[in-house]
Each structure stands twice: as C-alpha cells, then as structure tokens.
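Here the structure comes first, spelled out in structure tokens, and everything after it is commentary.
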Protein chains: 2
Amino acid sequence: MKLLLIEDDAILADGLMHTLRNSGYKMTCAGSGKAVEQLLLAQDFDLILLDLGLPDMDGLTLLRSIRRRKLPIPILILTARDGINDRIEGIEQGADDYLSKPFELRELEARIQGLIRRCYGGFASTIALGGLVLDTQQHQVLAEGQILPLSARELGLLEILLLQAGKVVSKDRLAQRLAQDDEALSDNAIEIYVHRLRKRIESCGVSIRTVRGLGYLIEAADAT
Amino acid sequence: MKLLLIEDDAILADGLMHTLRNSGYKMTCAGSGKAVEQLLLAQDFDLILLDLGLPDMDGLTLLRSIRRRKLPIPILILTARDGINDRIEGIEQGADDYLSKPFELRELEARIQGLIRRCYGGFASTIALGGLVLDTQQHQVLAEGQILPLSARELGLLEILLLQAGKVVSKDRLAQRLAQDDEALSDNAIEIYVHRLRKRIESCGVSIRTVRGLGYLIEAADAT
DNA sequence: ATCAACCTTTCAGAAACCTTTCAACAGCTC
DNA sequence: GAGCTGTTGAAAGGTTTCTGAAAGGTTGAT
C-alpha cells in the first residue's frame with residue numbers, strides 16, 4: 001500500500017513517515033508542489049495525505065490540481081485550521097476525509113484504514129473475493145482460514161488486483177506498482193507472476209481474467 | 001525495554017541511569033534538545049522519561065516537538081514544579097503520566113511499569129503464549145512454571161516478539177531494539193539469536209515463524 | 001495465414017535465511 | 001591472577017526460495 005505524504009514541516013513529516021512505515025505502508029514524502037507534480041506523474045499511489053496548513057504552499061490549490069487530473073486516489077486532508085468552512089471547502093474540492101491537528105496517531109491510522117476500505121474494499125479491513133481474504137493490515141492472504149504462502153511479488157500483485165477487483169489493471173500499471181524502487185518490471189515478468197499467482201489461487205474460487213490488449217482483472221470464478 | 005532519559009542534571013541522570021539499568025532496562029540519556037532530536041531519528045525507544053524542571057532546556061517545548069512527530073512513544077514527565085497547572089499543561093501536551101520531584105525511586109519504577117503495561121501489554125504484567133509466560137516486571141520467562149534460562153540477548157529478543165505476538169517484527173527493528181547503545185546489530189546476529197531462541201523454546205508450544213522478506217513473528221505452535 | 005499478445009517452462013543467478021564454528025570477552029571462583 | 005564458564009557476534013558455508021530473462025508454444029484478431 002503506497003502512500004504519498006505532502007507535508008513541508010520536516011519534523012512532522014519525519015515522524016509520520018517513520019510511524020506509517022512501521023505500520024507496513026510504503027511511504028513517499030513531498031515537500032513542495034513541484035515535487036508532488038513530478039511524483040504523481042512518475043508513480044501511482046493508493047492514498048494521499050495532504051497537509052493543508054502549510055505556510056509556503058497552497059494546499060487547496062494543490063488539492064484542486066490533483067483532482068483536476070481525475071486521478072482516482074483518495075485524499076486525506078490534515079490541517080491545523082479547524083474552521084468548519086475549511087472543512088467544507090476541502091471536501092467540496094475533492095478530499096475524501098478530513099483530520100484536524102492536533103490529532104492522535106491512532107486516529108490517523110484508523111482514518112487511513114477507513115479510507116482504504118471505503119475506496120477499495122467495501123467495509124471490512126479485509127477484502128474478500130471468492131474464497132480469498134486479503135488482510136490489508138497484516139499483509140497476508142487467507143484461503144479458507146489458512147495463510148496462503150505467497151512470495152513478496154505474488155502478494156504485491158494480488159493486492160493490486162484485489163484492490164481493483166472487477167476492474168482491468170494494465171500490465172504497465174502492474175509493472176509500475178510492483179517495482180521496488182524506480183525501474184518497472186518487464187512485461188514478461190508480469191506474465192510470469194500472473195501465471196504463478198493463477199496456479200496458487202486456482203482452487204480458491206477466484207480467477208484472473210486476461211483482457212487482451214488491456215490487462216488483467218480479478219474476479220470470483222465463474223461457474224462456467 | 002529501551003528507555004530514553006531526558007535530563008540535563010548530570011548527577012541525577014547518572015543515578016537514574018544506574019538504577020534503571022539495574023532493573024533491567026536499556027537506558028540512553030540525552031542532555032540537550034539536539035541530542036534528543038538525533039536519538040529519536042536514529043533509534044526506537046519504548047518509553048521516554050522527560051525532566052521538565054530543567055534550567056537550560058524548555059521541557060514543554062521538547063514535549064510538544066516529540067508529540068508533533070506523532071511518534072507513538074509513551075512519555076513520563078518528571079518535574080520539580082508541582083503546580084497543578086503544569087501538570088495539566090503537561091498532560092495536555094501529550095504526556096502519558098506525571099511524577100513530581102522529589103519522588104521515590106520505587107514509585108518511578110512503578111509508574112514506568114504501569115505505563116508499559118498500559119501501552120503495550122493489555123493489563124496484566126505478564127504475557128502468556130503457548131506454554132510460555134513472560135513476566136515483564138521480573139524480566140524472566142517461565143516455561144511450565146520453571147524459569148527458562150536465557151541469556152540477555154535471547155530474553156530481549158523474546159520480549160520484543162512477545163510484546164507483538166502474532167505480528168511480524170522486522171529484522172531491522174529487532175536489530176535496532178536489541179542494541180545496547182547506538183549501533184544496531186547485524187542481520188546475521190539476529191539470525192543467530194532467532195536460531196538459539198528457537199532451540200530453547202521449541203518444546204514450549206510456541207514457535208517463531210519466518211516471514212520471508214518481512215521478519216519474524218511469534219505464535220502458539222500449530223498442531224500441524 | 002500472419003502477427004501480436006499472451007502463456008508456460010526452464011534455468012541460472014540472486015537474495016534471504018539457517019547453521020556451525022570460533023575468537024574475543026566478561027564474570028566468576030579459587 | 002589463572003583458570004573456568006557462559007555470552008556474544010563475526011565469518012563462512014550451506015540451504016531454500018525468489019526472481020526474471022530466455023525461448024518456444026498457444027491463442028485470437030484481421
């Protein structure tokens with residue numbers, strides 16, 4: 001799960017990065033509007049944490065510009081201002097949730113979890129499909145109660161697909177998201193992992209369908 | 001259990017370090033705000049002891065700056081001031097407990113224990129898993145009533161794992177938390193201790209599972 | 001038929017982890 | 001101090017698992 005933190009207070013940023021990383025999120029931080037632009041062009045994120053109360057960056061403008069791109073990324077606003085107006089404005093501009101400073105870490109994590117759930121996976125902190133249950137917190141997949149042994153890449157792939165269950169995910173996108181650092185994987189590598197994953201989950205009532213020319217999508221297995 | 005003592009009176013600091021070390025805590029001391037910053041960036045602590053009554057350091061500011069980073073570390077305030085206002089202010093700023101000087105050493109230890117319990121271990125002062133019982137006060141582990149003979153490192157490792165029973169703890173984190181002073185242990189060292197610990201506890205209905213690429217987790221042994 | 005997209009198998013190299021061995025060291029006893 | 005005992009972690013080598021390139025087969029569209 002890849003989060004982008006937009007925060008220009010280095011100290012707070014540092015603490016949040018540290019904590020959230022410990023909770024199992026892949027974290028990236030941007031301290032300026034330009035950095036945000038670049039990162040959004042170059043990478044995909046699952047969620048954006050945006051601090052509005054920044055002295056040298058207009059958060060709302062940034063928010064609008066993110067939304068203008070029609071990126072389907074949930075955005076969680078952090079702000080020192082707690083005026084209702086700001087709140088409303090933020091939400092009108094496309095924020096998905098709102099948290100006023102000072103906030104409890106625990107609450108932040110809860111909101112993040114909540115957003116992920118709402119945007120990607122129904123209402124549980126797990127996403128279920130067929131006989132599979134992905135636990136987005138523990139980063140493991142259960143098949144009928146048993147932990148499904150998956151390698152890091154396989155798990156990553158399954159996570160991405162499940163988060164968009166029923167929707168097509170392009171090969172490029174997968175290659176992008178699975179990469180550890182910068183370089184994307186080759187198309188062939190994706191094919192290999194799709195293949196391996198199919199073998200692992202074939203008995204779980206879930207299947208990965210190929211949509212020629214577009215990508216893959218995961219769905220409950222048809223009684224075909 | 002790793003404590004950070006923030007205290008600039010060298011004599012008092014020294015005495016506390018000594019006493020608490022004797023009680024089985026790993027102690028680190030910082031005498032200035034800068035030192036605190038650096039230590040918090042570099043290491044993880046389980047608890048912070050912060051002396052507010054410092055002549056050349058504003059403790060409350062420090063407290064606020066620690067809390068601003070949203071680090072989930074319990075903080076115990078020590079202070080010469082006993083005004084109720086200070087107390088309230090301290091707690092509002094994010095302290096988890098409060099102790100006025102002069103205090104009994106015994107009381108300090110009790111408070112530390114209490115905080116640790118509240119923050120990490122539910123309500124008991126022992127943590128049980130399978131046939132093991134960790135006594136967080138006595139710093140010993142019982143296996144079916146018998147004291148399990150463990151070296152310091154082995155005990156430290158087991159303690160960290162048990163405090164997070166069922167969750168994966170990364171090797172880095174273990175390396176970090178086990179270190180006495182500053183340098184983290186090598187990965188190999190962790191592997192060695194996991195190995196040794198496994199041998200010691202294998203007959204206790206508890207097992208340490210390897211989660212490739214992520215770390216280790218301790219759990220009640222499967223009836224496989 | 002032809003071509004691009006996709007599937008599948010194989011395999012070597014890499015990475016992560018396990019295990020043993022051993023030297024350095026600390027604490028203890030006599 | 002000398003000798004003993006237990007602890008610690010570096011070193012080295014072994015094992016397992018993961019990873020993705022390569023190569024060839026299959027499928028579907030035109």
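A, B, ... follow the sequence lines: proteins, then strands. Residue 1 opens every chain. No hydrogens, no waters, no symmetry mates; every other heavy atom, side chains included, goes into these values.
The side chain of A:Thr210 lies closest to C:dC7, out of C:dT19, D:dA22, C:dC7. Distance from the side chain of A:Arg212 is smallest for C:dA4 among the nucleotides C:dA4, C:dT20, D:dA21. Residue B:His195 has its side chain nearest to C:dT20 when only C:dT20, C:dC7, C:dA15 are considered. Of the candidates D:dG9, C:dT9, C:dC17, the closest approach to any side-chain atom of B:Glu191 belongs to C:dC17. The side chain of B:Tyr216 lies closest to C:dC17, out of C:dC17, D:dT19, D:dA11. Distance from the side chain of B:Arg196 is smallest to C:dT21 among C:dC7, C:dT21, D:dT7.
For C:dC17, one of the phosphate oxygens OP1 or OP2 lies less than 4.0 angstrom from a side-chain nitrogen or oxygen of B:Lys171. Phosphate proximity of D:dG20 to A:Arg153: present, with a side-chain N or O under 4.0 Å from OP1 or OP2.
If you take CG of B:Asp187 and C1' of C:dC17, they are 10 Å apart, rounded to a whole angstrom. Following rounding to the nearest Å, B:Ile192 (CD1) and C:dC18 (C1') show an atom-to-atom distance of 10 Å. In this structure, the CZ atom of A:Arg209 is 18 Å from the P atom of D:dT27, given to the nearest Å. Distance A:Lys199 NZ to C:dT8 C1': 8 Å, rounded to the nearest Å. Here the P atom of nucleotide D:dG9 and the CG atom of B:Leu178 are 9 Å apart, to the nearest Å. The separation between B:Leu174 atom CG and D:dG9 atom C1' is 16 Å, rounded to whole Å. At whole-Å resolution of the value, OH in A:Tyr193 and P in D:dT17 are 15 Å apart. Straight-line distance from the CD1 atom of B:Ile190 to the P atom of D:dT8: 12 Å, rounded to whole Å.
In this structure a side-chain-to-backbone donor-acceptor pair under 3.5 Å is missing from B:Arg196 to B:Glu154. Within the 3.5 Å criterion, the main-chain N or O of B:Leu148 finds no donor-acceptor partner in the side chain of B:Arg200. Side chain of B:Arg209 to backbone of B:Glu219: no donor-acceptor contact under 3.5 angstrom is found.
Put simply, the side chain of A:Asn188 and the base of D:dT19 share no donor and acceptor less than 3.5 Å apart.
Residue-to-nucleotide proximity on DNA chain D shows that, of B:Ala189 and A:Ser151, the 5′-proximal contact is made by B:Ala189.
Evaluation of the side chain to side chain donor-acceptor pair (under 3.5 Å) rule for A:Asp46 yields A:Arg177 as partners, not counting sequence neighbours.
Annotation for B:Ile147: atom CD1 does not count as buried by contact number, only 12 or fewer foreign heavy atoms lying within 6.0 Å.
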